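Everything numeric here is computed off the predicted structure, so don't read it as measured data. Below, chains carry the letters A, B, ... as their sequence lines are ordered, and counting in each starts from 1.
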Amino acid sequence: MDGNLKISLDKLPIKRLETIEEVGVERFPSDLGYDEKRVNLIRRIDFAWAVEREDPSKKQKKSSSSSAEAPTAPFPWQSMRENLHLAHQELSVIIDLINTVEANDAVTVAGMTRPKQLPNELLSDLAVSTATKLQCFWSLGKYFKQSAKALERQVAREARFYGALIRLQQNWKVKRQRMVASAPGNEGFYIDLFDNTLHDSAAISRPSAISTVRIEHDPAGMLAVNLPPNSCRSLQFAFLGAYLGDNPRQTSKMQTLYASEDPSKETKKEPKNDDECVKETHSVLREVHRAIFDEQVFDLVNCEAFNPSLGVNVTGIRENYLQLSIGQGASVSIVLVPSRRDNRTVDGAGTQNLEAAIVPLETLDGSTPIKNPGFPNRTSCEIYLEQIFHEQVLGKTKDGSTSARRTHLSNQPAKDGLSFLGHFCMSLAHRIFSTKVLNELENLVAGVPYVHLISQPTWHSRTSSWTLSVNIPQSILHSGRQTQYSGIRCIKDVKSQFRTKVVVNDDCINVVGEGAPNVVGLFKRSESICSMNRYDCDLADLPVILLQQIASQVIRWLHEEALMAGIKAKRDYLSLSFELDQGETLGLVAHVDPEDSEGCISWWLVMDDGFTDEHNIQVEISNGGSDTRKFLGYLSLDVLHSTLMDLVSFCNGGGSL
Amino acid sequence: MNKGGIGIGSGSGGGGGPTAAAAAAAAQKQKTLLQRVDNDIGNIVDNFSYLVNVSRVNDPPVRNSQEAFMMEMRAARMVQAADSLLKLVSELKQTAIFSSFASLNDHVEQRISEFNQQAEKTDRMLSRIGEEAAASLKELESHYYSSAPRTSQHTQP
């Protein structure tokens, strides 16, 4: 307010007589209500000063505008300043009014008229509104763009995720957990690797902990399968006492897991192709599948190991470790080993653990352990174990359509009542035993030049077979055929080969040979009987028996040759004798000795006057010969034949010495 | 989560597969989904047309502020409708994963036959390898026994 202070005086608040009537009735003014009093007070506020200020400012403006044309340039923002002042004053009045109203003083607004707006004010208001609206639309536009980007990203992520999931579903069982997933963005998908067909067989009672694999999102939104570390285990088979060495199957399994789950490799190759992601996931799942299969094999092995069964003898058991004795002086261990990512540090500990657990069998005997004592290949044994498990367990669930085409390689584990583990152990034992038999046969064949060893694969895991063949040299055969048709009744089929078959079933050796020393044949003395005899023996006696068989075949052949040459000869166990004049006999005797390094079959010429017995002959042979015995040496068939012919001619010549 | 055999792509014309009740349920489900799609798209269209209509500038600024708030609300609704459409698409994909039995069965059958063929091929290969190994062994044995070292041993006295 200005400096002038105006004072207004109120009447005293006493009742004053308003009117008095002639009759004397006094009329007082009616009492004003509280509100009315207040209203009156407010009405008395004089706004003239404000109005006057406006008018004088306008007058001043006019006057100043008229006078200010001349020297001083008008302040460019003057009008705006004045407008702001006026606005400020009006606002302060209004604020006072509001404060009064707030203090619960009633205010009655008589009327308010908005001053008519000037066109520029109208336009400026419109401009402001338009600008505001435009701003609003811009912000909406930004919001839409942001949302669109986010939605696009989500669409892309989902497309990748579901695309990959559908591709995975082509090969694996995808399932969903019904409960709400706790982690955001996780829809609860998982892959079920449990095989119901195996479960039905009731042989496997323990579902694997890793058969449920959760599907998660990796940071890029793509499908990812994360396995807990060391969750996958694989089967490892070993012969105790043999050098463990590197197992190529183990290293390949480890490499697959190592390559797919190595975080350092993932950071190196940055944006991985979706195809590559899916392929890697496939291989990870495949490894888990294999791990489950190995676990099931181990479980089945454990179950069967403790059923009493032929060929199975448990000698050690620990967690995930089973040791069996399979006979033939061998023990095997079957272990579930974790397929670890870090081969360097942990693998050493793993193998150390295994080696510490192994008690080499040879040290018990006191002999030194051999690096490769003729055991079959460890990897092939592992594969074989898994294969017969697979055939046995999965073959039961199928109709047998697969069995028809597998007969060539089939193993028929259940036909002889053995469990599959029993069959496996016996197969291994058979392999070890047949290796020993083969060694003996090879040694024998090395000692007798005219014997050939022919292997005959049986395609059966517990049967092996070889043939020892004595081949008559072609030169003798040709000369023999010339005399064949000389008219005398002789054997029509001149054999060029004499065969002895050795068959090993599990650990039983069976020898089948023609012309075997046969009691019946000896009595009948008939040349037409070609006796086939079969008899069993053990490993220690095998060389001697085979040598005797071979020698008897040679004797038999010589006998036939002698008959063909027209001379009567007497065939005995291992000797061929010719009768001379005066009752003397001249004989060709075979002596067999498997330990002889120069040759296993040696020949003696024996002169017998009918009074010495065989025992003395043997004694004299071992003494190195005498006047009636002559050591001929380790003769080949050619030389034997020519010796025979010489004997024949000698006998024909009258027997003169 | 099995959605009752609904196959959007393969249709419901599969032979004696679904029973009448299942087919009816599938049709109902299909109808519901289509309705949802219609709702969402209608939502988006309506809100967008309102946004466009409201672009006129009015005199009282109060109305403009009101309209500004309305516009924000409509935009949010549009985005929400788009999001719900996206969820619908996800649901459809999940349905496809868990219920597209026809294509899955076909694929599984195909893979089974492929694997059987591969198994047979492997068996044949193994038996061929075995036969070749046996033949080679026989040949090698006969060569060895007719070879010079053996024959020289043969002629030794």
Out of curiosity, [X] [atom1] to [Y] [atom2], how far, rounded to the nearest 0.5 Å?
X: A:Ser455; Y: B:Lys138; atom1: OG; atom2: NZ; value: 10.0 Å
X: B:Ser90; Y: A:Tyr162; atom1: OG; atom2: OH; value: 5.0 Å
X: A:Phe189; Y: B:Phe98; atom1: CZ; atom2: CZ; value: 4.5 Å
X: A:Leu165; Y: B:Gln94; atom1: CG; atom2: CD; value: 9.0 Å
X: A:Leu453; Y: B:Tyr145; atom1: CG; atom2: OH; value: 4.0 Å
X: B:Leu104; Y: A:Gln170; atom1: CG; atom2: CD; value: 6.5 Å

- Query: What residue in B:Ala82, B:Ala134, B:Ser55 has the most heavy-atom pairs under 4.5 Å with chain A?
  - Reply: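 Answer, by heavy-atom pair count under 4.5 Å with chain A: B:Ser55.
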Taking side chain as everything from C-beta outward and backbone as N, CA, C, O, which of these in [X] sits under 4.5 Å from a heavy atom of chain B? Side chain, backbone, both or neither.
X: A:Leu140; value: side chain
X: A:Val174; value: both
X: A:Val128; value: neither
X: A:Leu134; value: neither
X: A:Tyr143; value: side chain

- Message: Could you check whether any side-chain N or O of A:Lys133 sits under 3.5 Å from a backbone N or O of B:Glu67, counting only pairs where one atom can act as donor and the other as acceptor?
- Response: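 No, because the side chain of A:Lys133 does not come within donor-acceptor range (under 3.5 Å) of the backbone of B:Glu67.
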- Task: Quick one: list whatever passes ring pair (Phe, Tyr, Trp, His ring centres under 6.0 Å) with A:Phe161, sequence neighbours left out.
- Result: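 Per chain and number, A:Phe161 pairs via ring pair (Phe, Tyr, Trp, His ring centres under 6.0 Å) with A:His217.
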- Which pair of heavy atoms, one from A:Glu158 and one from B:Leu86, lies closest together, and at what distance?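 Closest pair (atom of A:Glu158, atom of B:Leu86, distance): OE1-O, 4.4 Å.
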- Looking at B:Lys93 and A:Ala159, what are the two nearest heavy atoms and their distance?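 Heavy-atom minimum between the residues: NZ-CA, 3.6 Å.
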- Message: What residues of residues 145-154 of chain A make heavy-atom contacts with chain B at a cutoff under 4.5 angstrom?
- Response: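 Residues A:Ser147, A:Leu151, A:Gln154 are the ones that qualify, each having a heavy atom under 4.5 Å from chain B.
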- Residues in residues 68-78 of chain B near chain A [non-hydrogen atoms, under 4.5 Å]: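 Under the 4.5 Å heavy-atom cut-off, B:Ala68, B:Met71, B:Glu72, B:Ala75, B:Ala76, B:Met78 qualify.
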- Query: Can you say whether B:Leu137 sits under 4.5 Å from chain A via the side chain, the backbone, both, or neither, judging by heavy atoms?
  - Reply: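 For B:Leu137, the side chain is the part near chain A, not the backbone.
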- Message: Holding to side chain to side chain contact (heavy atoms under 4.5 Å, CB included), I want the full list of residues that pass it with A:Asn443, two or more places apart in sequence or in another chain.
- Response: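 Side chain to side chain contact (heavy atoms under 4.5 Å, CB included) list for A:Asn443, sorted by chain: empty.
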